[in-house]
Number of protein chains: 2
Amino acid sequence: MTEKELNLKTAALEKISHLDYFNIAISVDCVIFGYENKELKVLLIKSDLEEFSGLYSLLGDLVRPDEDLESASYRVLADRTGMEDVYLEQVHTFGSIARHPSGRVITTAYYSLIDITHHKLQLNHNDLHWHSVNDIKKLAFDHKLILNTCLKRLRDQIMENPVAFNLLQDKFSLRELQEVYEAILDIKLDRRNFRKKIALKDWLQDLNEMETNLSHRPGKLYALKKQYKTSRVRSMAG
Amino acid sequence: MTEKELNLKTAALEKISHLDYFNIAISVDCVIFGYENKELKVLLIKSDLEEFSGLYSLLGDLVRPDEDLESASYRVLADRTGMEDVYLEQVHTFGSIARHPSGRVITTAYYSLIDITHHKLQLNHNDLHWHSVNDIKKLAFDHKLILNTCLKRLRDQIMENPVAFNLLQDKFSLRELQEVYEAILDIKLDRRNFRKKIALKDWLQDLNEMETNLSHRPGKLYALKKQYKTSRVRSMAG
DNA sequence: AAATTAATGTGTCGTAAGTACATATTATGT
DNA sequence: ACATAATATGTACTTACGACACATTAATTT
């Protein structure tokens, strides 16, 4: 190392080391919801930390200096699911001092809704699996809290905004839609009242098609009106 | 510099520099709302950055390695207003790459509601002033966006949760309360319907007292029921 | 081809909340 | 005593919500 290099590095070092504030890392964690078998699922991975061996955790990563928070979330999503245009919404930032055993890491949580049937991915590798939300008892880090917070947000959203549709394929029957709502809210709904409520929102387009391959009377098929289709959600400017 | 010192510093430098992720700083910004003269106000300070000379900014600070996000927000609040037990709620985290001219800073925004009359503070020092929300055109950084986001959250909240009361003194008349709502929502409300709606919530306790020192018929005084008094808001384990 | 099955599709009634709107009441000031 | 300027309150209409029952249809079985 030349003297010049040394001086440069030393200067940089001084600058960095007195900025204690940079000793906090920031990550994003994605609560990726899916829907299958009338159950709400979430995508989890086996934790790679010793402290949490045997436990699952959400999908996340450190935010890189050259990407904004949403880019980081979309990167995590694309890396893990291979899907690009998905619904994603920021929920909350968790910053307890001791939330990460390896150091100070503040994390911003996003929730995401994806159509699980479009997701025939590298699932069998690397311990990545869909878990029924109702069956999850314990997660690594504070990820159970993050999951609960995101689930609450999702529940608050679905009656106000047409987001639940992101869990379904493009065409669906009202029965399927109701089952999605029941899975998310974890309650039974009255069919007639549910249909009235949905009709009132005017979110749906009647496709004049019917379900097929059923062993009973098929229902009509609907699609979410184009104007409500959310791929990438409006950015709050990052 | 001895060889030993050099080696130490170099080692530390290597360690830090390969941890690019720590090159992001994290801050909190507080949108501190107050209410005065039938107007919703927000506490702003003159920006100390050259790039924003002449502009005002929200109150914020870098998060210290040994404090969590909420502690940092309360610290900012206490430092600037001298008030301890205030309503504070996390709203959103803003992480655009270029949002801070001096470097990469991700900020978590909180909004806070305080009783402005309990706040006879060091206002005249250091360019700290209350500004009418409606008059604010431009702020430093992305603080206008943060303000708008927090204002929207506040507006969404006040009909659902008894938070607007934090802007008023302990005892207030229904007229005063309505004026607070009108200031926040920036609309006129019908007096009879407003009272019906508030009565329905069952938030208020009739104090059997009257307003005084008015030049007209005084109204009854009410207080928020104890069970709803929010000093420090429930932590999301933040 | 007729009957059965298992689901879809729809309507009513009572209740609760939202909105528009007008009159009586009361403490104060003259 | 009277005028004033605000408080306090009620009704009618409309809209949403929740509980609830029956007719219809396509597929399947007999």
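Just so it is clear: chains get the letters A, B, ... in the order the sequence lines come, proteins before strands, and each one is counted from 1.
Here D:dA27 presents its C1' atom at 10 Å from NE2 of A:His216, a figure rounded to the nearest Å. Atom CG of B:Leu189 is separated from atom P of D:dT7 by 14 Å (rounded to the nearest Å). As a whole-Å value, the separation of B:Arg191 CZ from D:dT9 P is 11 Å.
Here the closest heavy-atom approach between residue A:Tyr110 and residue A:Glu70 is recorded as OH-CG, 3.6 Å. Closest approach of A:Asp29 to A:Gly60, counting heavy atoms only: OD1-CA, 3.4 Å. Between B:Leu58 and B:His143, the closest heavy-atom pair is N-ND1, 2.9 Å.
Think of the region where chain A sits on DNA chain C: with heavy atoms and a 4.0 Å cut, that region ends 5' and 3' at C:dA7 to C:dT12.
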Identify each donor-acceptor pair in which a side-chain atom of residues 212-225 of chain A lies under 3.5 Å from a protein atom, sequence neighbours left out, and give them as a table.
| from | atom 1 | to | atom 2 | distance (Å) |
| --- | --- | --- | --- | --- |
| A:Lys220 | NZ | A:Asp206 | OD2 | 2.9 |
| A:Lys225 | NZ | A:Asp202 | OD1 | 3.2 |
| A:Lys225 | NZ | A:Asp202 | OD2 | 3.2 |

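A 4.5 Å side-chain heavy-atom check between A:Leu200 and A:Lys196 finds every atom pair outside the cut-off. The shortest side-chain heavy-atom distance between B:Tyr56 and B:Ile45 does not fall under the 4.5 Å cut-off.
Distance alone, capped at 3.5 Å, places no donor-acceptor pair between the A:Asn37 side chain and the A:Glu39 backbone.
With DNA chain C read from its 5' end, the first of the two nearest nucleotides for A:Tyr222 and A:Ser215 is the one closest to A:Ser215.
Residues from residues 168-185 of chain B lying near DNA chain D, meaning a heavy-atom separation below 4.0 Å, are B:Arg175 in numerical order.
Applying the 6.0 Å contact sphere to CG of B:Asp170 captures no more than 12 heavy atoms from other residues, nucleotides or ligands. More than 12 heavy atoms of other residues, nucleotides or ligands lie within 6.0 Å of NZ in B:Lys201, so this atom counts as buried by the packing criterion. Atom NZ of A:Lys46 has 12 or fewer heavy atoms from other residues, nucleotides or ligands within 6.0 Å.
For residues 153-173 of chain A, the pairs satisfying ring pair (Phe, Tyr, Trp, His ring centres under 6.0 Å) are A:Phe165-A:Phe172, A:Phe165-A:Trp203, with sequence neighbours left out.
With A:Leu44 as the fixed residue, the side-chain contact (heavy atoms from CB on, under 4.5 Å) test singles out one of A:Leu139, A:Leu128, A:Leu147: A:Leu139.
Each end of the helix from C:dA1-D:dT30 to C:dT30-D:dA1 gets its own rotation axis from five pairs of C1' atoms, and the angle between them is 10° to the nearest 10 degrees.
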statement: Per-nucleotide protein contact along nucleotides 10-16 of chain D, 5' to 3', at a 4.0 Å heavy-atom cut-off (B base, S sugar-phosphate only, - neither), is BB-----
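Salt-bridge formation is detected for the pair A:Glu211/A:Arg175: a Lys NZ or Arg NE/NH1/NH2 atom is positioned less than 4.0 Å from an Asp or Glu carboxylate oxygen.
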